[in-house]
J.: 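The structure's right below; bear with me while I get my questions together.
First listed ligand is number 1; within each ligand, the first listed atom is number 1. Just so you know, these numbers use all the heavy atoms, side chains as well, and skip hydrogens, waters and symmetry mates.
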Amino acid sequence: MMNNIESFAGQDILSVSQFDRASLNAIFGVAHDMRVLVERFGSAELLQGKILANLFYEPSTRTSSSFTAAMQRLGGQVISINNVQYSSVSKGESLPDTIRTLECYADVIVIRHPEVGAAATAAQYAEKPVINAGDGVGEHPTQALLDLFTVQEELKQMNGLTVVMVGDLRFGRTVHSLTKLLLKYSVSFVFVSPELLRLPADILEAVEACGHSYRQVEDLHTVIGEADVLYMTRVQRERFTDPAEYDRVKDFFVIDQELMEQAKERMIVMHPLPRVGEISYAMDDDPRAAYFRQMRNGMYIRMALLAALLGKV
Ligand code: ASP
């Protein structure tokens with residue numbers, strides 16, 4: 001468990017369960033400073049001489065480029081392996097050997113992989129810090145940190161909120177991580193999905209064990225008015241084995257301005273992105289649409305994490 005900013009140095013970030021409220025506050029404080037730094041100066045030299053290896057076995061736009069931008073804005077350098085098909089992975093190299101290789105050259109390794117637990121496996125073989133940038137349907141801890149940071153920046157509170165999570169709660173790893181992280185605060189949950197895409201049993205059990213109030217419903221219309229945070233997600237097509245099943249659920253929820261008329265005036269709409277139709281483009285000008293601000297926050301959170309893991313805060 002990491003409980004102050006100094007205790008981050010040299011650690012891996014594999015799951016949100018590593019954080020407590022004190023460490024979250026600490027990291028959010030540094031992320032806030034990183035925002036000020038970028039807005040005033042654009043960059044700094046804090047991580048000059050340090051190298052990050054960005055190893056992506058699954059597609060990414062925001063996570064990969066925000067880690068790159070975070071490292072570069074702090075004066076560090078990046079080795080990017082975004083197309084593993086052009087690396088020795090396609091020759092059959094094992095994950096442990098790829099990791100052992102990259103840590104010869106880099107000071108910190110970011111990994112995204114289709115298998116649950118792959119980042120933890122990588123961390124077993126690496127002496128250097130490993131950051132889980134998404135392990136299949138498992139977790140996406142840095143996304144959850146930036147999500148929570150966004151809630152704090154936008155609504156200035158965590159406790160007392162009603163969080164409505166919508167869409168693919170079964171396969172959406174960002175939902176898994178964020179739900180677990182929110183259990184550290186007193187929030188109420190409404191989980192909105194078709195039956196096929198409900199939250200996995202272990203996460204629901206964790207919600208119950210913490211005594212948080214929650215409901216599982218299928219109709220967004222009936223609950224949108226309760227939301228302080230409306231967390232939309234895309235249906236994760238790549239996790240379906242049966243394409244017909246995906247087609248059946250893919251257009252289940254779409255939010256547009258008409259639906260948003262029923263929402264509170266002071267609330268936010270979030271989405272880890274990419275969106276594939278769940279939020280109409282007309283929504284983008286609504287001040288409650290926080291998803292672009294949310295992705296900007298990703299860079300500040302990742303700057304804070306890199307600085308902390310490399311012992312520079
Ligand atoms: N970008 C997020 C992830 O990697 C969300 C998504 O892909 O739907 O999990």
J.: State plainly whether the residues Arg215 and Glu226 are in salt-bridge range, i.e. N to O under 4.0 Å.
T.: yes

J.: Heavy-atom cut-off of under 4.0 Å around ligand 1: list whichever protein residues fall inside it, by chain and number.
T.: Arg112, His140, Arg173, Thr174, Arg234, Gln236, Pro272, Leu273, Pro274

J.: According to the salt bridge (Lys or Arg N to Asp or Glu O under 4.0 Å) rule, which pairs have a member within residues 148-166, sequence neighbours left out?
T.: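 For residues 148-166: Arg35-Glu153, Glu154-Arg293.
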
J.: Inspect the contact between Asp168 and Arg234 and indicate whether a charged nitrogen and a carboxylate oxygen are less than 4.0 angstrom apart.
T.: no

J.: Partners of Asp286 by salt bridge (Lys or Arg N to Asp or Glu O under 4.0 Å), sequence neighbours excluded?
T.: Arg288

J.: For salt bridge (charged side-chain N to carboxylate O under 4.0 Å, His left out), just list the numbers for Glu39 and Arg73, CA-CA rounded to whole Å, side-chain angles, deciding distance to a tenth of an Å, and then say yes or no.
T.: CA-CA 11 Å; Glu39 285 172 359; Arg73 284 194 184 271; over 6 Å; no

J.: Output every pair passing ring pair (Phe, Tyr, Trp, His ring centres under 6.0 Å) with a member in residues 155-179, not counting sequence neighbours, ordered by first then second residue.
T.: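 Only Phe171-Phe240 qualify under ring pair (Phe, Tyr, Trp, His ring centres under 6.0 Å).
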
